[in-house]
Amino acid sequence: MAARLLAGIILAASTLPAFEAQAAPARIILLRHGEKAGPWQLCALGNERARALAAYYLGRNAQKSLFRPGETPKAILAISMHTLDTISPVAQSWEMPVIFYSVMPEPRGDGFHLSDKQLGARTREAVRDMLTKPEWAGQTLVVNWEHDHIAKADLDHDRMAAARDAAKDLSEPAERVTLYDLLRLDRLAGVPYTWPSDTYDYFWIIDFDAQTGQPSAFTMIKQAFGPPFAHIPQNDWGKSDSGKSDSSKREAGSPAARAGCI
């Protein structure tokens, strides 16, 4: 009986909002990092995408700027080396620093990998700052993140399942670990539950209500570049650059494969 009661308390705690918005931004422009060559760096295509993002969408005087007239980014956030490399050309164009919630690859098994535990912890830290920093209130933030911790349904689902099994060794309440759950994007229509692994070319734009601090509107925009970046893949959501579904392997002759991307 005690174990069941503890499980119920833990599950209830885990389903409450992670943070109470005290100073929510007006808008978050959210994107994933560019294509990568390994645990530390982007591939050639990813580096080109980084430059294209600054030139076309996010940099100062961008050709198809996502910023509204008179609007500028108040802060630019990143979490890994891939995201730092991707967003640096944007930050340089604005002469701004990148706020780096650093998670670095760690040796594990057959190579170097990012720690899910560290990604979850730093994601929670970033969201706490987004929703409580008074200097960010009512402003526009650019957030470049790892895709699994933008949205991945089974990450939070697995932790909720563990919370229900409190009779086992569970010393801490389950915690939300994705931007989707921490920002309560489930309250908005049309927000995908999971960011597909082969999808690099979309923005999520999230608006917040000034009175409640809650998310109030969602828009998803596909990246489409012209010269000199017209060759950068512009895939439909959930499709790889070979045109196949996200679960299919890239073809050897695809643009990403030719650029040495994994």
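Since the structure is predicted, the reported quantities are computational estimates derived from the model, not experimental observations.
The nearest pair of heavy atoms linking Ile232 to Ala52 is CD1-CB, 3.7 Å. Across every non-hydrogen atom of Gly59 and Ser93, the tightest pair is CA-OG, 3.2 Å. Taking both residues in full, the closest heavy atoms of Ala153 and Thr194 are given as N-OG1, 3.0 Å, listed atom of the first, atom of the second, then distance. The two residues Ala54 and Ala62 have their closest heavy-atom pair at O-CB, 3.7 Å. Considering every non-hydrogen atom in both Pro73 and Phe67, the closest pair reads CD-CZ, 3.7 Å.
When each of Leu183, Leu77, Val127 is tested with Ile28 by the rule side chain to side chain contact (heavy atoms under 4.5 Å, CB included), just one qualifies, namely Leu183.
Residues forming a side chain to side chain contact (heavy atoms under 4.5 Å, CB included) with Phe218 (at least two apart in sequence, or on another chain): Leu188, Val191, Pro192, Trp204, Ile206, Met220. Arg27 is linked by a side-chain hydrogen bond (donor to acceptor under 3.5 Å, both in side chains) to Asp207, counting only residues two or more places apart in sequence or in another chain. Residues meeting the side chain to side chain contact (heavy atoms under 4.5 Å, CB included) test with Pro105, sequence neighbours left out: Pro39, Trp40, Phe112, Leu114. Taking the side-chain hydrogen bond (donor to acceptor under 3.5 Å, both in side chains) definition, one finds that Thr140 meets it with Glu71, sequence neighbours left out.
Counting only heavy atoms from C-beta outward, the side chains of Trp237 and Pro196 approach each other to under 4.5 Å. You'll find the side chain of Asn235 stays beyond 4.5 Å of the side chain of Asp198, heavy atoms only. Between Arg124 and Arg176, the closest side-chain pair of non-hydrogen atoms is not below 4.5 Å. Side-chain contact between Leu53 and Phe203: present, with at least one pair of heavy atoms (C-beta onward) separated by less than 4.5 Å. Inter-residue side-chain proximity for Ile87 and Val142 is flagged as met; some heavy-atom pair is nearer than 4.5 Å. A 4.5 Å side-chain heavy-atom check between Ile205 and Ile221 finds at least one atom pair inside the cut-off. A 4.5 Å side-chain heavy-atom check between Lys36 and Cys261 finds every atom pair outside the cut-off. Looking at heavy atoms from C-beta onward, Val177 lies out of side-chain contact with Thr123 at the 4.5 angstrom threshold.
Here the CG-CG distance, from Leu31 to Asp201, works out to 11.0 Å after rounding to the nearest 0.5 Å. The distance from the CZ atom of Arg32 to the CD atom of Gln223 is 11.0 Å, given to the nearest 0.5 Å. From Leu45, atom CG reaches atom NE2 of His231 across 6.5 Å, with rounding to the nearest 0.5 Å. Distance check: Thr86 OG1 to Arg51 CZ gives 11.5 Å after rounding to the nearest 0.5 Å. The structure places CD of Glu35 at 5.5 Å from SG of Cys43, a figure rounded to the nearest 0.5 Å. With rounding to the nearest 0.5 Å, the separation of CD in Gln118 from OG in Ser80 is 13.0 Å.
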Please output the side-chain donor-acceptor pairs of residues 94-101 that fall under 3.5 Å, not counting sequence neighbours, one pair per line with the distance.
from	atom 1	to	atom 2	distance (Å)
Trp94	NE1	Leu58	O	2.7
Tyr101	OH	Asp129	OD2	2.7

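Looking at Lys222 and Asp236, a side-chain N of the basic residue comes within less than 4.0 Å of a carboxylate O on the acidic one, giving a salt bridge.
Both Val103 and Met130 belong to a single network of hydrophobic side chains, linked directly or stepwise wherever heavy atoms of I, L, V, M, F, W or Y lie under 4.5 Å apart. A single hydrophobic cluster is seen to contain both Met81 and Ile76, as judged by linkage of ILVMFWY side chains at heavy-atom distances under 4.5 Å, directly or through other members. When hydrophobic clusters are built by joining Ile, Leu, Val, Met, Phe, Trp and Tyr residues whose side-chain heavy atoms come closer than 4.5 Å, directly or via intermediates, Trp195 is grouped together with Ile79. Under the 4.5 Å side-chain heavy-atom criterion for grouping Ile, Leu, Val, Met, Phe, Trp and Tyr, Leu30 is connected to Leu182 within one hydrophobic cluster.
Without hydrogens or angle criteria, Tyr200 side chain to Gly46 main chain gives no donor-acceptor distance under 3.5 Å. In this structure a side-chain-to-backbone donor-acceptor pair under 3.5 Å is present from Gln234 to Phe225. Arg49 places a side-chain N or O within 3.5 Å of a backbone atom of Pro233 that can act as its donor or acceptor partner.
Evaluation of the salt bridge (charged side-chain N to carboxylate O under 4.0 Å, His left out) test over residues 132-149, restricted to residues two or more places apart or in two chains, returns Lys133-Glu135, Asp148-Lys152.
Of the N and O atoms on the side chains of Thr83 and Trp145, not one donor lies less than 3.5 Å from an acceptor on the other residue. Side chain to side chain, His82 and Gln41 fail the donor-acceptor criterion of an N or O pair below 3.5 Å. Donor-acceptor pairing under 3.5 Å is lacking for the side chains of Gln214 and Arg184. No donor-acceptor contact under 3.5 angstrom links the side chains of Lys64 and Tyr56, judged on distance only.
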Stepwise side chain to side chain contact (heavy atoms under 4.5 Å, CB included) check, Asp186 with Tyr180: CA-CA 7 Å; Asp186 58 316; Tyr180 179 96; 3.6 Å; yes
